[in-house]
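Have a look at the structure below, then the notes.
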Amino acid sequence: MNGFVYLTDVVTLELDAAKCNGCRMCVVVCPHNVFGIEAKKAVILHRDFCMECGACAKNCSEGAITVKSGVGCAAGIINGLLRGTEPTCDCGEGSNCC
Amino acid sequence: MTQVGAIPYVATRWDFYDRWGAVKVRWSLGRFKYRVTPGIYAVGNPGRDSLVFVTGNYKLSFDHLRRALKGIDGWILVIETKGINVWCAAGKGTFGTKEVVRRIRIHHLDQLVDHRKIILPQLSAPGVAAHDVKKMTGFTVIYGPVLAEDIRAFLNAGLKATDDMRKITFPFVERLKLIPVDLFYGKYYLLIVPIVFLILSGFNRSGYSLDLVFDNAGKTTVNLFSGYLAGCVLTPAILPWIPFRRFSAKGLVTGWLVAILLLFAGTLGLTLIENISWFLMIGGLSSFMAMNFTGSSTFTSLSGVQKEMKTALPLQIVMAALGIIGWIISRFL
């Protein structure tokens, strides 16, 4: 995956290990292998692989993970700038976006 | 008939219309109307112990799932994602806890099956809180593999997705599939901009010359489209091999590579200032289009793209503007 690492030291992912109950859900849902388990607690192994999709935070029943999630998409950010909203890929019916 | 009424059976093979439909949506034709009616579907000969697979109502998602379930008896629960694929819908929250819970209830899943498990695609996790679904419905969410094609292996392993099944990759073929949609990003500008350049190319010191328009027609059009395609076709195709991490920088590299080729092919300019102008325009355009591919990629973060755009977008605009001004000036030299 080395050709597929994006900018380093930018992501907003935070893990509060004190709240972690070791359920492994973050390891399961992360599509980029960011998390691991050490001594029955979650740890961030590859922070720069994170794409801020928010799956880990959403599925953490203890609220131990926070991340400002959103679309990593230039068109979506331009959309947000033009409309004065948060970045959104919701550009309405019939337009070219996901 | 089941406890909850008649349920349609679906095939696990793609027929001609499924294949043709898949090709069409990849080219952005009717992509937002390619939908399945939400509800429960049967695959094979499912019973009260059969597993339930959940997906969104984008027909391409549904088709991939049912094809992967060949030889398996199971239920498919299609939820309303407004015709959007699983991952994007999860990002927007339409493939979310609320809709999953609502569908479990209105389709009486608890009466259809005896067990209390549902299998969701892993990429729906940004929208669904498994523990909340459990709290509200009693159903345990099990996240399956990223790709439907791994479902059989996932089942054979006792509902366990291996590390490889859980990781999202971005191989060459997948990148190619996403190119056509970006091709149409420019929409009617793809027609208007070349025509404006054609009209402007007639100006010179002695007034306006239609001959000049005809002389330049091929060149300006080739140059413009080369910049566009360098950004939205060439860059995605060779993405991991282009130096730099920023997509805008990758696009600048491919744009200038193409511009160098055009320089030797003789389509750029006749004067130094015209050549420089084309380098600025092609570079800026290619960089912008490449930056837009962040939205199609599987590994860019919002924070990263915002950081990249803060410097890249102004640069792209300045490059294009200087290029256009220089090119117009070069008409009169």
Side-chain angles (χ1 to χ4, degrees), chain A residues 1-13 23 25-34 36 47-63 67-81 86-98, chain B residues 28 31-33 84-85 87-92 96-97 122-132 141 143 146 161 163 166-170 181-182 184-185 187 239-242 245-248 288 291-309 312-313:
Chain A
M1 283 287 287
N2 281 340
F4 299 115
V5 178
Y6 196 44
L7 310 190
T8 51
D9 295 326
V10 286
V11 296
T12 53
L13 179 70
C23 77
M25 209 56 178
C26 52
V27 179
V28 169
V29 297
C30 177
H32 284 296
N33 208 11
V34 170
R47 173 180 215 88
D48 289 331
F49 289 1
C50 174
M51 59 174 293
E52 299 180 322
C53 72
C56 53
K58 187 91 185 176
N59 281 279
C60 180
S61 59
E62 307 305 307
V67 58
K68 187 179 180 302
S69 63
V71 287
C73 165
I77 293 171
I78 292 175
N79 244 327
L81 283 177
E86 287 285 297
T88 172
C89 48
D90 213 357
C91 25
E93 291 293 312
S95 42
N96 283 325
C97 62
C98 82
Chain B
S28 226
R31 197 154 60 97
F32 293 89
K33 294 183 195 120
I84 304 292
N85 71 74
W87 208 9
C88 286
K92 291 173 208 237
T97 310
Q122 187 196 320
L123 292 184
S124 70
V128 180
H131 51 279
D132 287 337
V141 170
Y143 287 110
V146 165
D163 287 359
R166 288 193 280 100
K167 240 190 277 174
I168 181 104
T169 55
F170 204 28
V181 165
D182 272 358
F184 296 106
Y185 177 86
K187 289 179 228 167
L239 193 75
W241 300 293
I242 312 169
R245 290 195 170 165
R246 292 166 187 248
F247 282 41
S248 51
F288 180 78
M291 193 174 74
N292 266 324
F293 196 68
T294 50
S296 301
S297 83
T298 58
F299 59 97
T300 55
S301 60
L302 172 63
S303 300
V305 179
Q306 277 174 331
K307 183 181 174 187
E308 155 162 12
M309 285 180 74
L313 194 58

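Letters A, B, ... mirror the listed sequences (proteins, then strands); counts begin at 1.
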Comparing A130(B), A312(B), S303(B) against chain A, the one with the most heavy-atom pairs below 4.5 Å turns out to be S303(B)

Judged by atom type as modelled, is there a donor-acceptor pair below 3.5 Å linking the side chain of R166(B) to the main-chain atoms of V27(A)?
yes

Residues 293-307 of chain B vs salt bridge (charged side-chain N to carboxylate O under 4.0 Å, His left out), sequence neighbours excluded, gives none

If one checks every heavy atom of C53(A) against chain B at 4.5 Å, the contacting part turns out to be both

Cut-off 4.5 Å, heavy atoms of chain A, and the answer for F293(B) is neither

Sequence neighbours excluded, the answer for ring-ring contact (aromatic ring centres under 6.0 Å, His included) partners of Y6(A) is F247(B)

Cut-off 4.5 Å, heavy atoms of chain A, and the answer for S124(B) is neither

Scored by heavy-atom pairs under 4.5 Å with chain B, the best of G70(A), S69(A), S61(A), C50(A) is S61(A)

The interface call for C23(A) against chain B, heavy-atom contacts under 4.5 Å, is neither

Under 4.5 Å to a heavy atom of chain B? For C60(A) that would be backbone

Close side-chain approach of P31(A) to Q122(B), heavy-atom, < 4.5 Å:
yes

Counting heavy-atom pairs under 4.5 angstrom with chain A, the leader among S296(B), A125(B), A89(B), A161(B) is A125(B)

Side chain to side chain contact (heavy atoms under 4.5 Å, CB included) test vs L302(B) passes for just one of I77(A), V10(A), V11(A), namely I77(A)

Most contact-rich option vs chain A, by heavy-atom pairs under 4.5 angstrom, among G127(B), A90(B), G91(B), is G127(B)

Okay, L123(B) and chain A: the region with an atom under 4.5 Å from a heavy atom over there is side chain

If one checks every heavy atom of W87(B) against chain A at 4.5 Å, the contacting part turns out to be side chain

Interatomic distance, CE@M51(A) vs OG1@T294(B), rounded to 0.5 Å, equals 10.5 Å

Most heavy-atom pairs under 4.5 Å with chain A, out of M309(B), M291(B), R246(B), Q306(B), belong to M309(B)

Heavy-atom donor-acceptor pair, N59(A) side chain to H131(B) backbone, under 3.5 Å | no

d(L81(A) CG, L313(B) CG) to nearest 0.5 Å is 8.0 Å

With K58(A) as partner, the option from T97(B), D132(B), V128(B) fulfilling side chain to side chain contact (heavy atoms under 4.5 Å, CB included) is T97(B)

Inset, instruction - Please confirm whether the backbone N or O of E52(A) pairs with a side-chain atom of S301(B), one donor and one acceptor, at under 3.5 Å? - result: no

Item to check | I168(B) side chain near H32(A) side chain, heavy-atom distance below 4.5 Å | outcome: yes

